[in-house]
Structure formats: structure tokens, C-alpha cells
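One structure below.
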Amino acid sequence: MAFSTRVLLIFLVIFTVFKLKIDAQKLQIHRKRRLMNCRFDKIYQLGDSVSDTGNCIRESYCGSHSSCAKSPYGINFFHKPTGRCSNGLLMIDFIALESGLPLLNPYKDQSANFRHGANFAVAGATALSAQVMAEKKIVLSFTNSSLDVQLDWMSSHFKTTCLPDCPGELKKSLFLVGHIGGNDIIYGLSQGKTMEELRRLVVDVVQTIIHGVKRVIGFGATRIVVPGTFPKGCGPASLTQFMTNDSSSYDEYHCLKDLNNLAIFCNDHLQQAIDEMKKEYTNITLVYGDYYNAYMWFLQNAVTLGFDKNSLQKACCGIGGDYNYDKSRKCGAQGVPVCDDPSTHFNWDGLHLTQAAYSWLTRWLIDDMLPKLNCHV
């Protein structure tokens with residue numbers, strides 16, 4: 001009997017490993033790995049839940065309050081929660097695979113292999129520090145691991161991995177400073193800040209991101225992607241919280257115009273700041289990651305890509321209301337269902353996207369960024 005149990009366990013392990021490989025092959029088979037032409041040997045990621053591969057769940061307070069630590073997160077690729085706020089892979093995972101590299105391990109997993117880079121992103125993180133946010137009377141959710149904290153982690157990491165020649169060790173690395181700053185806006189919106197107050201906040205957010213980029217250059221980075229923020233008025237959470245009977249408040253995609261205009265304002269300021277930096281750092285490749293237009297391109301083409309047109313602004317994992325989202329009964333809570341086929345849904349849990357959506361957004365972003373990354377294509 002014990003022998004039969006051991007055989008069954010061995011079979012299950014082999015099957016799980018084989019299935020993970022098959023899943024990865026299925027996700028990648030539709031395109032060539034063009035980022036391999038860039039010959040990145042390492043990738044370093046800073047950011048928030050758009051990119052967190054397991055740091056939040058390793059922080060005591062963040063981990064105990066994050067839905068992303070619970071099932072059904074991770075169900076469609078890892079078959080268990082990993083701390084990723086989706087049903088499977090994130091954009092940073094696809095970027096790593098497209099580069100011919102392993103998936104990035106979270107920095108907080110100190111037993112992990114960091115030979116090919118590290119992920120410092122934390123779900124819920126802000127660009128501005130907890131102290132600055134408190135001065136602006138904005139309360140954070142469940143982590144104080146803002147951009148400057150993540151940069152301090154990165155500094156400590158490099159002191160143990162690349163000294164005495166960090167510039168030499170990092171010359172073939174790709175750095176992503178963000179997605180970060182979106183939570184600053186969301187927390188401000190949720191806590192009743194006016195549009196004028198939020199615009200002033202955005203100026204501070206952009207300055208903080210640019211300061212972060214300069215720190216990364218100081219570490220030895222030479223190829224850096226600085227993502228903008230996504231539209232803020234198109235997701236189930238925003239559409240539920242700021243619902244209005246005024247039809248003129250919505251655009252042709254049923255997104256809230258004021259919230260999207262705020263995101264555009266933020267992105268315009270960030271792009272201008274990056275352009276100014278390029279004049280100062282002429283030997284550094286700085287690329288703006290146009291997450292906003294990647295997202296809008298998807299909304300415009302989702303049906304053609306095989307997504308359910310009636311579910312584009314509904315959470316796959318959620319319950320209640322017009323958008324299948326209730327902040328008091330989020331994905332991961334008991335009794336909250338998952339849609340039949342997440343691969344045809346854009347939004348996963350009201351706040352984050354599905355693996356299938358992230359796959360397509362990554363494709364658009366690589367098409368947009370590759371000519372600017374100075375790779376041998």
C-alpha cells in the first residue's frame with residue numbers, strides 16, 4: 001500500500017512539472033521570442049501588484065491582508081497561489097520568457113536563485129513613501145514598501161551580488177522601474193481627494209519615479225523601461241465605486257472620462273520627464289512603457305482576439321453588481337465564484353487582469369518598445 005502511494009505521488013509530481021512546461025509552451029507558441037535578440041542576462045523589476053511575483057505574501061502584514069495569497073489566484077498556471085495577483089502569469093513573467101530567461105523570483109524569498117535577476121515589486125506599493133502619503137492625509141492599505149524601500153532592497157542586493165564591478169555585471173540587464181504610482185492615485189481617489197489635489201499628487205509621483213530611475217542608473221543600469229499607468233476609469237472596481245447615472249461621464253468604451261484623463265495627465269508628465277532625462281543621460285537607453293495605450297488597444301480589439309465582449313468590464317473572479325465586483329466580497333473570499341473560462345475574460349478580480357490579457361498586453365508592449373531598446377533585431 002505504501003509503495004502504491006509513493007508511486008502515485010511520484011506520478012503526480014512528474015505530471016505537474018510536465019503540465020507547467022506544456023502551459024508555458026502553449027502561451028509562447030504563438031510568437032517568436034524576439035526579446036532574445038536583446039541578449040538580456042538579468043531582469044530587475046520594481047513596482048506594485050501588476051508585477052509582484054511573491055514579495056507581499058512574504059511580508060507579515062501585507063501577506064495576511066492580501067487576497068492574492070489565497071485560492072483561486074494562480075489557478076490557471078501554477079495551480080496554486082504564488083502571490084501573483086492574477087489567475088496565472090503577469091507581464092513581467094511573459095517578458096522574462098520572451099527574453100529566454102526563467103521567471104523572476106521575489107526578492108523576499110531569500111532561498112531563491114537570483115542569477116538571472118530579481119523582482120522587488122510589492123502588491124499595494126506606492127511611488128511616494130508612507131511618510132509623504134501621511135502628510136497628504138492619504139492612508140495606505142497594507143504595505144509601506146514604497147519605491148524608495150524597494151530601491152534600498154535593490155542596493156543591498158547588489159552589495160552582495162555584483163560588487164566591486166556592478167556596472168560591468170549589469171551592462172546586459174533590463175530594469176523596469178514600475179508599474180508604480182497607480183496606487184497613489186487610487187488611494188487618493190478612494191479617500192475623497194479632489195481632481196486638483198490628485199493632479200498635484202501626480203507631479204510628486206512623477207518626480208519620485210524619476211528619482212528612482214536616477215538611482216537605478218547609479219547602480220549601473222543602462223537599459224531601463226519606465227512604464228506609465230493604466231487607464232483608471234475602465235476596471236470593475238472604479239466603475240463600481242464611481243458609478244453615475246450621467247451618461248456623459250463615460251466614453252465610447254464605457255470608461256469614466258475624468259479618471260482616464262487623470263491617468264493621461266500622469267503619463268504625459270512622466271513622458272516629458274523621461275524625455276528631459278534622455279538629454280542628460282545620452283549613453284542610457286530609457287524607454288517609456290505605454291501601458292495606457294496597450295490597455296486601450298486591447299479594449300478596441302478584444303472580441304477579435306477571442307474575448308467575450310459582454311465580460312470586458314466584469315471581474316472573472318467576483319460577485320454582485322453590474323461589474324461582478326463587490327469590495328466587501330472580493331476574489332478569494334468564501335463563496336466568491338470564478339467564471340467558467342478565464343481565458344476569455346480581460347479582468348480577473350476587479351483590480352487586476354487575467355493571464356490571457358497580460359499575454360496580449362505584453363505582445364503589444366514588446367512590439368512598441370523593441371525598436372527603442374537598441375537590440376540586434
Side-chain angles (χ1 to χ4, degrees), residues 40-66 68-69 73-74 78 80-86 89-97 99 101-130 140-163 166-167 169-170 172-183 208-209 211-221 223-227 289 352 358:
F40 298 129
D41 61 358
K42 303 177 189 72
I43 300 176
Y44 295 98
Q45 172 80 61
L46 300 152
D48 56 22
S49 59
V50 174
S51 312
D52 184 358
T53 56
N55 286 313
C56 172
I57 64 170
R58 289 174 170 84
E59 291 186 355
S60 56
Y61 191 76
C62 191
S64 64
H65 287 76
S66 173
C68 305
Y73 286 86
F78 303 96
K80 63 178 183 179
T82 63
R84 289 169 173 82
C85 294
S86 183
L89 297 176
L90 309 177
M91 286 191 291
I92 183 56
D93 295 316
F94 287 110
I95 287 170
L97 292 172
S99 301
L101 297 175
L103 303 184
L104 293 190
N105 287 317
Y107 170 73
K108 287 286 187 177
D109 183 0
Q110 290 299 294
S111 64
N113 182 338
F114 298 112
R115 188 185 312 166
H116 295 289
N119 191 328
F120 301 89
V122 181
T126 52
L128 299 176
S129 69
L140 302 188
S141 57
F142 45 73
T143 183
N144 291 335
S145 298
S146 55
L147 180 57
D148 60 340
V149 173
Q150 295 176 32
L151 286 162
D152 288 344
W153 294 346
M154 182 178 277
S155 178
S156 298
H157 177 71
F158 289 149
K159 284 176 183 175
T160 61
T161 58
C162 70
L163 288 177
C166 285
E169 288 288 325
L170 300 174
K172 292 183 180 178
S173 300
L174 173 66
F175 285 75
L176 293 101
V177 183
H179 179 272
I180 193 98
N183 286 328
T208 302
I209 293 171
H211 176 71
V213 175
K214 290 179 179 178
R215 280 193 70 182
V216 164
I217 292 171
F219 296 145
R223 284 190 282 186
I224 307 165
V225 172
V226 188
H352 308 97
Y358 282 138

Handout entry: side chain to side chain contact (heavy atoms under 4.5 Å, CB included) evaluation trace for Q150 with I180
Key = CA-CA 11 Å; Q150 295 176 32; I180 193 98; 4.3 Å; yes

Exercise for the section: Verify side chain to side chain contact (heavy atoms under 4.5 Å, CB included) between Q110 and R58, making sure each step is shown before the conclusion. Expected result: CA-CA 10 Å; Q110 290 299 294; R58 289 174 170 84; over 6 Å; no

To check you understand the geometry: which heavy-atom pair defines the closest contact between [X] and [Y], and what is its length?
X	Y	result
A69	I57	CB-CG2, 3.5 Å
P106	G54	CB-C, 3.6 Å
N119	S51	ND2-O, 2.8 Å
D148	S129	OD2-CB, 3.8 Å
D48	H179	OD2-ND1, 2.9 Å
A130	N144	CB-OD1, 3.6 Å

Checking [X] side chain against [Y] main chain: does a donor-acceptor pair fall under 3.5 Å?
X	Y	value
K108	V122	no
S64	S60	yes
N183	A125	yes
N105	N113	yes
S99	L101	no

Exercise for the section: Run the numbers on S173 and D41 for side chain to side chain contact (heavy atoms under 4.5 Å, CB included), then give the verdict. Expected result: CA-CA 6 Å; S173 300; D41 61 358; 3.8 Å; yes

Less than 4.5 Å apart, side chain to side chain, heavy atoms only: is that true for [X] and [Y]?
X	Y	value
H352	Y358	yes
V216	L46	yes
L103	R84	yes
T82	Y73	no
V225	L174	yes

Exercise for the section: Taking only Lys NZ, Arg NE, NH1 and NH2, and the carboxylate oxygens of Asp or Glu, determine whether R215 and D152 approach each other closer than 4.0 Å. Expected result: yes

Working to the nearest 0.5 angstrom, can you tell me the gap between [X] [atom1] and [Y] [atom2]?
X	Y	atom1	atom2	result
L151	K214	CG	NZ	13.5 Å
I92	Q45	CD1	CD	4.5 Å
F120	D52	CZ	CG	12.5 Å
L90	I95	CG	CD1	10.0 Å
Y44	F219	OH	CZ	11.5 Å

Exercise for the section: Measure up the W153 and Y107 rings against each other and bin them: parallel (under 30°), tilted (30 to 60°), perpendicular (over 60°). Expected result: parallel

Exercise for the section: Determine, for cysteines C62 and C56, whether their SG atoms are under 2.5 angstrom apart. Expected result: yes

Exercise for the section: Kindly state whether the ring of F142 and the ring of Y61 have centres lying under 6.0 angstrom apart. Expected result: no

